[in-house]
Amino acid sequence: MTHRHGPKVALPHFLRGILATGAGGASVLVLGMAAIMLSTRVISAETLGAFFLAQVLVTFLAEGTSIGIYSALEQAYSGAKTEDARRGILSAAMICRASTALIVILVLVMLGPSLLPWLGIMPTPWMVALLISWFLLDSQLRLMYSFHQASFHFGVIGIAGILSSVLNLIGIIVFVIALKQDLWGLFYAKILSNSVALAYTTLSRPLPLSRHLDLRILRRMLKYGWPLYLNYFLSFVSLRADTLLIGWLLGTGAVAFYEIARRIPEGLGQFFSSFRQVYFPYIARASASNDAAEVSTLIDRSLRIGSFFLFSACLIALGFDREIMALLFGEQYMVSALPFVILMVARAFLMIESTLGYALAAIGDSTKPPIINAVRSVLLLLAYILLIPPYGGVGAATAAALAALAVIPVNVWFLHRRALSIRPRAYVMPGTLALLVGLMVLTVAGWGNWAEIVMMVLYLPVCLAAGGMRQDEVRDD
């Protein structure tokens, strides 16, 4: 194989891993969407907005208080050479996560009653208990996902995702629709689904644990994970500041309309999580073997294939935005159509940027993603402040797209400095062709849906003809 196409990469094995985790991701997307569809028809926008804000809080507590231990576990465990090393790494991660979780519980017990009214939730002791339970389950489940990801147990992750999404939908049918528990029912459904998923991921494979804590291992893990923790913190604050600002300025009802617009883009994020769970350890293992050519090839192919599917999804959103919103969530949410389209584009840019950023982290350069994210966060927050007050959800979505696009070249530059051959054409060509096809879709919008469909179907052959996709992308030759 020539240098242009890179060295041999076991791409079918890589793709099989993505399919295994992607099955869970697809289940979370489809059944999660069904759960939201049911909820929008029986729960007020204000109550749904309060739940979305609570979800933002739990996600922040689970990831934002991990001090980077999830990423450190993935990187250290996947590169460990001996069983004793793996035992020490997993034990250090579990003890660290348990310690930080205990601190969070104490804080929630003390501050929960004062915090919940800011989310539009009545501050009862039972609601605080539910919030703590949700946090504990979510934080431990993320740790188990990191362990199975680093162990290349991608099937376990996929099955856990399926179990979680199925039970969440059943929980909503029982607690929200049948028992009419409204906000509490949404909490019950989430806790039920996370409990079963956590039990499965914990019991499905033996956990190689050490009988003692090796502080040297923990220090090395925290040294690696701390910059990535700062990176996550910056990402979360910047990417979720839109929801918080909308809630503060416009109320929980506006939060519901904006969060509905981002349901499908976040579904794409679920697929990206499935991809990342395979991509990260493969890059880390190739980097540990000092195989820069294999790392470059895997990044290039991931960008090329990922960009094609991401921009294809953007074209579908552009052509059928109002129909999708009305069909899935009801006509009252058709006002979310334009933010939905822009958020799809923003998510595509963000996934391309994240593919490059996770490559930097996987090769051991964990200090660069926080620098990149700091730049993006500053740009994003400034854009939020300028665009959200006059334009609401549309302004927030536009800000997200512009900020993600701006930092993609910075990622490429840092990777080039690590002697990795990253070709921007891998994502620029599919994006440029999608822009041209999108303009044609808008041009024929008044002709009927058949004309828009024809324009979108042309995207694949145009990409193949122009080199935006290659027929050898999935061949192991």
Side-chain angles (χ1 to χ4, degrees), residues 28 32 35-36 39 43 47-70 97-146 160-161 164-165 167-169 171-172 175-176 181-199 201 229 232-233 235-244 246-248 252 255-256 258-260 262-263 266-267 269-270 273:
V28 171
I36 294 297
S39 300
I43 295 179
T47 299
L48 200 57
F51 175 75
F52 288 142
L53 288 173
Q55 195 168 39
V56 170
L57 174 63
V58 170
T59 301
F60 171 72
L61 292 175
E63 278 279 6
T65 63
S66 69
I67 58 176
I69 201 64
Y70 301 139
R97 177 68 273 195
S99 301
T100 55
L102 179 60
I103 295 172
V104 173
I105 292 171
L106 294 175
V107 171
L108 285 176
V109 168
M110 293 185 294
L111 301 181
S114 301
L115 179 64
L116 288 178
W118 287 86
L119 306 178
I121 299 174
M122 185 176 296
T124 64
W126 182 238
M127 186 58 75
V128 173
L130 290 177
L131 192 66
I132 292 173
S133 300
W134 187 0
F135 156 72
L136 279 175
L137 291 167
D138 196 79
S139 60
Q140 186 62 25
L141 184 58
R142 289 170 189 267
L143 186 67
M144 288 295 98
Y145 279 160
S146 294
S164 176
S165 55
L167 287 170
N168 184 62
L169 179 60
I172 285 178
F175 296 120
V176 176
Q181 292 293 302
D182 290 345
L183 182 61
W184 283 16
L186 293 172
F187 272 71
Y188 295 151
K190 185 63 69 174
I191 290 171
L192 170 65
S193 62
N194 280 3
S195 297
V196 175
L198 177 58
T201 54
Y229 165 73
Y232 172 81
F233 188 85
S235 292
F236 187 90
V237 171
S238 60
L239 293 177
R240 283 301 187 176
D242 54 354
T243 300
L244 299 177
I246 290 171
W248 178 44
T252 56
V255 169
Y258 184 66
E259 287 294 313
I260 287 298
R262 74 192 306 167
R263 286 300 94 184
E266 285 197 344
Q270 182 64 48
S273 295

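The structure presented is a predicted model; accordingly, all values stated were derived computationally and were not measured. Counting from 1, the numbers follow the sequence of the chain as shown.
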Considering all heavy atoms, the nearest [X]-[Y] contact:
X      : Y      : answer
Ala54  : Leu119 : CA-CD1, 4.1 Å
Asn168 : Ala35  : ND2-CB, 3.9 Å
Gly120 : Ala50  : O-CB, 3.8 Å
Ala197 : Ser164 : CB-CB, 4.0 Å
Leu167 : Leu192 : O-CD2, 4.0 Å
Asp138 : Ala62  : OD2-CB, 3.2 Å

Q: Would you list the pairs meeting salt bridge (Lys or Arg N to Asp or Glu O under 4.0 Å) in which at least one residue belongs to residues 98-108, sequence neighbours left out?
A: none
**Q.** Summary of salt bridge (Lys or Arg N to Asp or Glu O under 4.0 Å) pairs that have at least one residue in residues 109-120, sequence neighbours excluded
**A.** none
What's the spacing between [X] [atom1] and [Y] [atom2] if we round to 0.5 Å?
X      : Y      : atom1 : atom2 : answer
Ile36  : Glu259 : CD1   : CD    : 9.5 Å
Leu143 : Ile69  : CG    : CD1   : 8.0 Å
Ile191 : Phe175 : CD1   : CZ    : 9.5 Å
Phe187 : Ile121 : CZ    : CD1   : 4.5 Å

Can you list the residues that meet the side-chain contact (heavy atoms from CB on, under 4.5 Å) rule with [X], with sequence neighbours excluded?
X      : result
Thr201 : Leu141, Met144, Tyr145, His148, Val156, Ala160, Leu198
Ser146 : Tyr70, Leu73, Glu74
Ile105 : Val109, Ile132, Phe135, Leu136
Ser39  : Ile43, Leu48, Ile172, Leu186

**Q.** Residue pairs passing the side chain to side chain donor-acceptor pair (under 3.5 Å) test where at least one lies in residues 119-136, sequence neighbours excluded
**A.** Trp126-Tyr188
Q.
Per the side chain to side chain donor-acceptor pair (under 3.5 Å) rule, what does the pair list look like for residues 54-69, sequence neighbours excluded?
A. Glu63-Arg142, Thr65-Arg97
Q: Evaluate side-chain contact (heavy atoms from CB on, under 4.5 Å) for Leu61 paired with Val107, printing each intermediate quantity in order.
A: CA-CA 11 Å; Leu61 292 175; Val107 171; over 6 Å; no
Q | Set of residues satisfying side chain to side chain donor-acceptor pair (under 3.5 Å) with respect to Tyr258, sequence neighbours excluded | A | Asp242
Q. Does the side chain of Trp184 reach to within under 4.5 Å of the side chain of Met122, using non-hydrogen atoms?
A. no
